Amino acid sequence: KKMGKIVLALLLQCAWINGEGIVQRQGVFSRGKLGLVRDSSPRLTLRGGSSKASTPPNQYSVTLKLNNVWSANESAPTTIEVQPMRIDDISAWYPEMPLHTNPLQAKTWPLNNNFCSKYETLIETVYVGSQWVSEKGITYHQWIRSGPRRDIFFDPSKVVAAVVTCGGLCPGLNNVVREIAKTLILSYGVKEVYGIPFGYRGFYSYEWKNLSLSYVDQIHKRGGSVLGSSRGGHDLQRIMKALEDKGVNQVYVIGGDGTHRGANAISREAARRKIPMSVCGVPKTIDNDIAFIDKSFGFDTAVEEAVKVINCAHVEAADCVNGVGIVKVMGRECGFVAMHATLAANDVDICLLPEVEFDVDLLMGHVAKLLETRGHCLIVVAEGAGQEHFAGVDLGTDASGNKKLPDVGHFLKDTTKSWFAARNKTVQVRYMDPSYQIRSVPASATDSIYCSALGSNAVHGAMAGFTGFSCGQINSRYVYIPIEDMCATGIKVQVSATSRQYMRMVRVTGQPSFIPMVDCHIAPLNPALAAAAPDGEAAATPSG
């Protein structure tokens with residue numbers, strides 16, 4: 001009996017529910033430093049389509065009851081409520097439209113016994129007996145499982161698809177584009193697949209590219225994006241006109257938060273106009289700051305490339321007198337690349353992240369100590385670190401509305417030289433900035449596999465009739481994520497300075513805290529107040 005309970009507890013870590021269960025979202029989510037906390041305020045969601053719109057059957061959230069076999073009180077089961085994460089379904093807006101048989105059912109090889117039911121769902125990792133989870137109010141989510149459905153909404157012979165890459169470059173973009181095109185053409189028999197040049201403005205400013213099999217055949221072997229990419233240019237009315245003129249009914253958007261918000265706007269506008277159009281996203285950011293997913297594609301490649309540069313900087317610093325190597329890597333508001341590259345390189349002495357402020361004198365004091373004891377020092381810094389040292393500096397914003405950041409790498413380089421010069425000490429600084437090198441390389445083997453799965457699963461979701469969703473991996477399972485929740489206001493994904501991984505990084509580098517300690521001076525106790533205080537208690541002075 002106990003063994004059965006243990007197996008149940010373990011299976012719940014990657015359980016899926018074969019039900020018809022994803023329904024109305026019940027709240028807004030915000031990510032704090034330690035997890036996801038549900039806001040009780042209701043969410044009013046726009047649902048477009050026919051006046052006869054129906055809703056998915058069996059609308060319910062799931063409550064799990066299980067025993068913790070390691071607990072002293074086995075008779076008290078743990079009850080876990082699960083938050084359904086609904087994505088829009090075009091077939092619910094147009095219930096009168098017939099479904100189509102998935103052409104994958106006709107394939108005899110490989111054997112296709114891995115179809116998902118329409119609303120098959122997954123539940124993310126469940127923690128049992130965790131005080132931390134209880135204190136933080138962590139919300140468990142129920143996601144629609146990605147993959148092919150036996151019955152699909154779109155007739156493949158009438159599908160016209162458009163694929164666009166937006167924002168900055170990232171390893172794996174071409175892999176995703178290639179897999180989307182190949183899945184549409186080879187698996188579903190779609191005849192028209194277009195590539196949109198240079199981001200959103202390409203819908204109405206440039207000639208579209210025909211993503212034929214011959215065109216996409218070898219694009220996965222090069223970095224960047226064969227479609228080109230850019231920021232901004234999201235003119236909704238001009239985009240919708242271009243889509244309608246071409247008869248597009250499936251749009252695949254590859255990009256970050258801002259790009260996904262643009263995709264969601266297209267999905268909502270199509271619903272408002274009662275156009276049966278599926279709009280889906282594939283999350284892309286080197287910084288790895290997309291909500292919910294395990295990691296974004298290209299992140300592993302970026303870390304690998306960063307480690308190569310860090311190794312070079314270590315050699316440069318170690319092979320000269322009083323050498324200080326400084327490597328600046330990408331990471332505007334979060335330091336995942338810097339932290340993971342530091343852990344992987346295992347030679348870094350100091351790692352500076354946007355999430356943790358630092359005092360220059362404390363930092364330089366530690367550098368001086370390292371030079372005295374080791375003869376060299378290696379620093380890795382994320383591009384968004386140290387912004388507290390640029391108070392009042394305003395460089396404006398880029399085309400995506402992101403604040404332009406002062407260069408912390410040059411700041412550290414110049415500060416290191418001047419700090420030691422003021423103390424009559426000579427240091428040799430070796431500064432490296434591999435940002436563009438990191439993001440423009442081809443995808444690694446791991447990222448290539450990941451990108452292929454994301455691209456194909458995005459197509460399966462669109463063909464099923466889902467819209468306003470993004471495809472991602474959560475707890476190593478591929479699911480569909482509502483764009484509205486992924487990009488909700490208040491969600492911020494950052495490295496937590498209290499997390500186990502950050503603490504592991506600090507142990508690896510051996511760096512101390514560079515945050516000044518604040519002394520709390522308590523004024524001498526006023527004798528008159530002390531005399532009036534009850535026995536055993538101290539009275540506060542007027543100064544506190």
Side-chain angles (χ1 to χ4, degrees), residues 31-35 130-132 135-136 286-289 294-295 299-300 302-304 306-311 313-314 317-318 323-389 408-409 411-413 415-416 419 429-432 434 438 492-519:
R31 183 183 290 277
K33 286 188 175 181
L34 295 177
S130 172
Q131 181 180 354
W132 172 79
E135 291 175 351
K136 296 301 174 183
I286 283 183
D287 290 355
N288 200 36
D289 57 352
D294 295 347
K295 63 181 177 182
F299 175 71
D300 282 349
V303 170
E304 287 184 20
V307 169
K308 294 177 183 177
V309 179
I310 291 171
N311 291 339
H314 180 254
V324 179
I326 301 175
V327 180
K328 187 185 77 172
V329 297
M330 305 189 84
R332 291 179 51 85
E333 296 183 358
C334 63
F336 288 107
V337 172
M339 182 174 68
H340 282 253
T342 294
L343 287 166
N346 220 6
D347 283 321
V348 179
D349 300 303
I350 299 169
C351 181
L352 303 175
L353 309 181
E355 295 85 348
V356 184
E357 296 183 357
F358 64 87
D359 177 83
V360 168
D361 287 325
L362 291 177
L363 173 63
M364 291 298 120
H366 186 60
V367 173
K369 180 180 177 182
L370 290 169
L371 294 179
E372 291 175 5
T373 56
R374 300 183 60 214
H376 66 276
C377 173
L378 179 57
I379 302 173
V380 171
V381 57
E383 62 178 322
Q387 293 304 303
E388 65 274 11
H389 299 291
V408 69
F411 169 79
L412 282 178
K413 180 183 70 173
T415 299
T416 301
W419 194 91
V429 180
R430 302 290 188 261
Y431 174 62
M432 300 183 183
I438 286 173
K492 198 169 187 178
V493 182
Q494 291 186 304
V495 174
S496 169
T498 60
S499 67
R500 293 181 181 180
Q501 195 159 41
Y502 181 81
M503 295 303 174
R504 190 180 304 123
M505 183 203 75
V506 170
R507 287 195 297 270
V508 168
T509 62
Q511 67 190 64
S513 172
F514 300 123
I515 303 175
M517 300 298 292
V518 178
D519 294 329

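The first residue of the sequence shown is numbered 1, and numbering continues consecutively from there. Note that the coordinates shown come from a computational prediction; the quantities given were computed from them, not determined experimentally. Note: hydrogens, waters and symmetry copies are ignored here, and every other heavy atom, side chains too, is used.
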> Closest approach of V309 and P434, non-hydrogen atoms and distance?
Replying inline: CG2-CB, 3.5 Å
> So, for A385 and L352, which heavy atoms are closest and what is the spacing to 0.1 Å?
Replying inline: CB-O, 3.8 Å
> Using 30° and 60° as the class limits, which term best fits the ring planes of H376 and H314: parallel, tilted or perpendicular?
Replying inline: perpendicular
> Excluding sequence neighbours, so at least two apart, what forms side chain to side chain donor-acceptor pair (under 3.5 Å) with K369?
Replying inline: none
> What residues form a salt bridge (Lys or Arg N to Asp or Glu O under 4.0 Å) with D287, not counting sequence neighbours?
Replying inline: none
>> Please enumerate all residues that pass salt bridge (Lys or Arg N to Asp or Glu O under 4.0 Å) together with K413, with sequence neighbours excluded.
In response: none
> Does V356 have any side chain to side chain contact (heavy atoms under 4.5 Å, CB included) partners at least two apart in sequence or in another chain, and if so, which?
Replying inline: A497, Y502, I515
> Of the non-hydrogen atoms in A341 and I310, which two are nearest, and what is the gap between them?
Replying inline: CB-CD1, 3.7 Å
>> Can you tell me how the ring of F299 sits relative to the ring of F336, calling it parallel under 30°, perpendicular over 60° and tilted otherwise?
In response: perpendicular
> Does H340 reach the main-chain N or O of E304 with its side chain, forming a donor-acceptor pair under 3.5 Å?
Replying inline: no
> Where is the tightest heavy-atom contact between N288 and V493, given as atom of each residue plus distance?
Replying inline: O-CG1, 4.2 Å
> From Q494 CD over to L353 CG, what is the distance, rounded to the nearest 0.5 angstrom?
Replying inline: 10.0 Å
>> Working to the nearest 0.5 angstrom, can you tell me the gap between I379 CD1 and T342 OG1?
In response: 11.0 Å
> Looking at residues at least two apart in the chain, or sitting in another chain, which of them share a salt bridge (Lys or Arg N to Asp or Glu O under 4.0 Å) with E388?
Replying inline: none
> For R374 and D349, what are the C-alpha separation, side-chain angles and deciding distance, and is it a salt bridge (charged side-chain N to carboxylate O under 4.0 Å, His left out)?
Replying inline: CA-CA 11 Å; R374 300 183 60 214; D349 300 303; 2.3 Å; yes
> Side chain of E333, backbone of G384: donor and acceptor closer than 3.5 Å?
Replying inline: no
> Looking at residues at least two apart in the chain, or sitting in another chain, which of them share a side chain to side chain donor-acceptor pair (under 3.5 Å) with T415?
Replying inline: none
>> If I compare all heavy atoms of V408 with all of K328, which pair ends up nearest, and what's the gap?
In response: CG1-CD, 4.2 Å
> Which heavy-atom pair separates P354 from G331 by the least distance, and what is that distance?
Replying inline: CG-O, 3.6 Å
